[in-house]
Number of protein chains: 2
Amino acid sequence: MGWPQMSGEDNLLRLVEAADGDENDYHLQDQVGFILRKAHQRHVSIFASHIGDLTPPQFAALAKLYDIGETSQNQLGTLIAMDAATVKGVIDRLRARGLVEVSKHEVDKRRLLVNLTPEGREAIERLIPLARAITEETLAPLTAKEVATFLRLLAKIA
Amino acid sequence: MGWPQMSGEDNLLRLVEAADGDENDYHLQDQVGFILRKAHQRHVSIFASHIGDLTPPQFAALAKLYDIGETSQNQLGTLIAMDAATVKGVIDRLRARGLVEVSKHEVDKRRLLVNLTPEGREAIERLIPLARAITEETLAPLTAKEVATFLRLLAKIA
DNA sequence: CTGATATCATTTGCATACGAATGAATTTGT
DNA sequence: ACAAATTCATTCGTATGCAAATGATATCAG
């Protein structure tokens, strides 16, 4: 019989088939990687519309420093999921703007300690409410129950 | 009463609270943007472990050209969610490797037509099975039912 | 104690990703 | 038909993101 007159809502069907992998056609737009990339793009765009003068990685660095206080650049990178090369660039730019400051670790001379400046603390306290709005707008297409489900499953694959 | 002895699995609770926004603490690791970024990172890493000589955007370009045939660079960018500047770089690199070729549109002289070369066609046909394995591994932490739910919700916010 | 390992930070090179500006070509509105 | 607006492609600048190599420091094993 096959698939007689597939009509209406076939998106879900295609997504399930894409997950199955037992189809001959390959549809990029149904692959989790492609959709993940688009969802990330949309979120970054929403972020930029609310917080224009800071990128999500820069915000993440400030938010984590606000949360845990002074830490080494390396440890900070681990906590915000950035490799050493990436976190260095982020911290360099935040430092150039006076939002964080660095100092040498007295005991372990390999480590570079990073901390918020008073301006950085002001900035992150001002921005956190906006970040909540960004989260809300990103999740706006979902109902409250769907949000809970989505975040649970997303965390599983992250 | 408040929250007496929160114990055991509080991840879900924190995620729901994060979505609510009605908490005083801000936990970066519970924000959808941060988890989305990490999920995307994990997928790219899985992709690289299976397909080392091509990036996900490059693969997307080849897969879409395989799907729809010759198109303008601009149209291709729209279909694979890349802006004009990004798609140009991707096509330049694919062209340098002989996987795609470009030509001028005879009627509309603004357009640059892009198409697979025979080598590009061979490559994408060889890679699509690997791409299915990448999708599978990315979604491995989820059950089949969770996969269907997750893809449905992810598509909603993408 | 000391040689082998491991960790931390930096640097380089490459690849997205996007805003903004530019120029060429086309389409639209009147 | 023609000026205005739009579309397509390119270029520039900035910012992640990661692999690989390097140098400095610290830790470990024997």
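Since this is a predicted model, take the numbers as computed values, not measurements.
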Round to a whole Å and report the spacing from [atom1] of [X] to [atom2] of [N].
| X | N | atom1 | atom2 | answer |
| --- | --- | --- | --- | --- |
| A/Lys88 | D/dC18 | NZ | P | 17 Å |
| B/Asp83 | D/dG13 | CG | P | 17 Å |
| B/Leu54 | C/dT16 | CG | P | 9 Å |

> So, is B/Thr55 near the phosphate of C/dA15, with a side-chain N or O under 4.0 Å from OP1 or OP2?
Replying inline: no
> Does B/Gln58 put a side-chain nitrogen or oxygen below 4.0 Å from OP1 or OP2 of C/dT16?
Replying inline: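 So the side chain of B/Gln58 is within the cut-off, an N or O lying under 4.0 Å from OP1 or OP2 of C/dT16.
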>> Which nucleotide wins on minimum distance to the side chain of B/Ala84, given the candidates C/dT16, C/dC18, D/dT10?
In response: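 Looking only at side-chain atoms, B/Ala84 lies closest to D/dT10.
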> Which residue lies toward the 5' end of DNA chain D, A/Pro56 or A/Val107, if each is placed at its nearest nucleotide?
Replying inline: A/Pro56
Pairs: protein N or O with nucleotides 3-8 of chain D N or O, under 3.5 Å:
residue	atom	partner	partner atom	Å
D/dT7	O2	B/Arg110	NH1	2.7
D/dC8	OP2	B/Asn74	OD1	3.3

> Taking for each residue the nucleotide of DNA chain C with the nearest heavy atom, is it B/Ala85 or B/Glu106 whose nucleotide lies nearer the 5' end?
Replying inline: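 The answer here is B/Ala85.
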>> Show me the pairs that pass salt bridge (charged side-chain N to carboxylate O under 4.0 Å, His left out) and involve residues 112-122 of chain A, at least two apart or across chains.
In response: none
>> Parallel, tilted or perpendicular, judged at 30° and 60°: which one describes the rings of B/His40 and A/His40?
In response: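 Parallel, since the angle between the ring planes stays under 30°.
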> Does the separation of the ring centres of A/Tyr26 and A/Phe34 fall below 6.0 angstrom?
Replying inline: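 Here the rings of A/Phe34 and A/Tyr26 have centres that are no less than 6.0 Å from each other.
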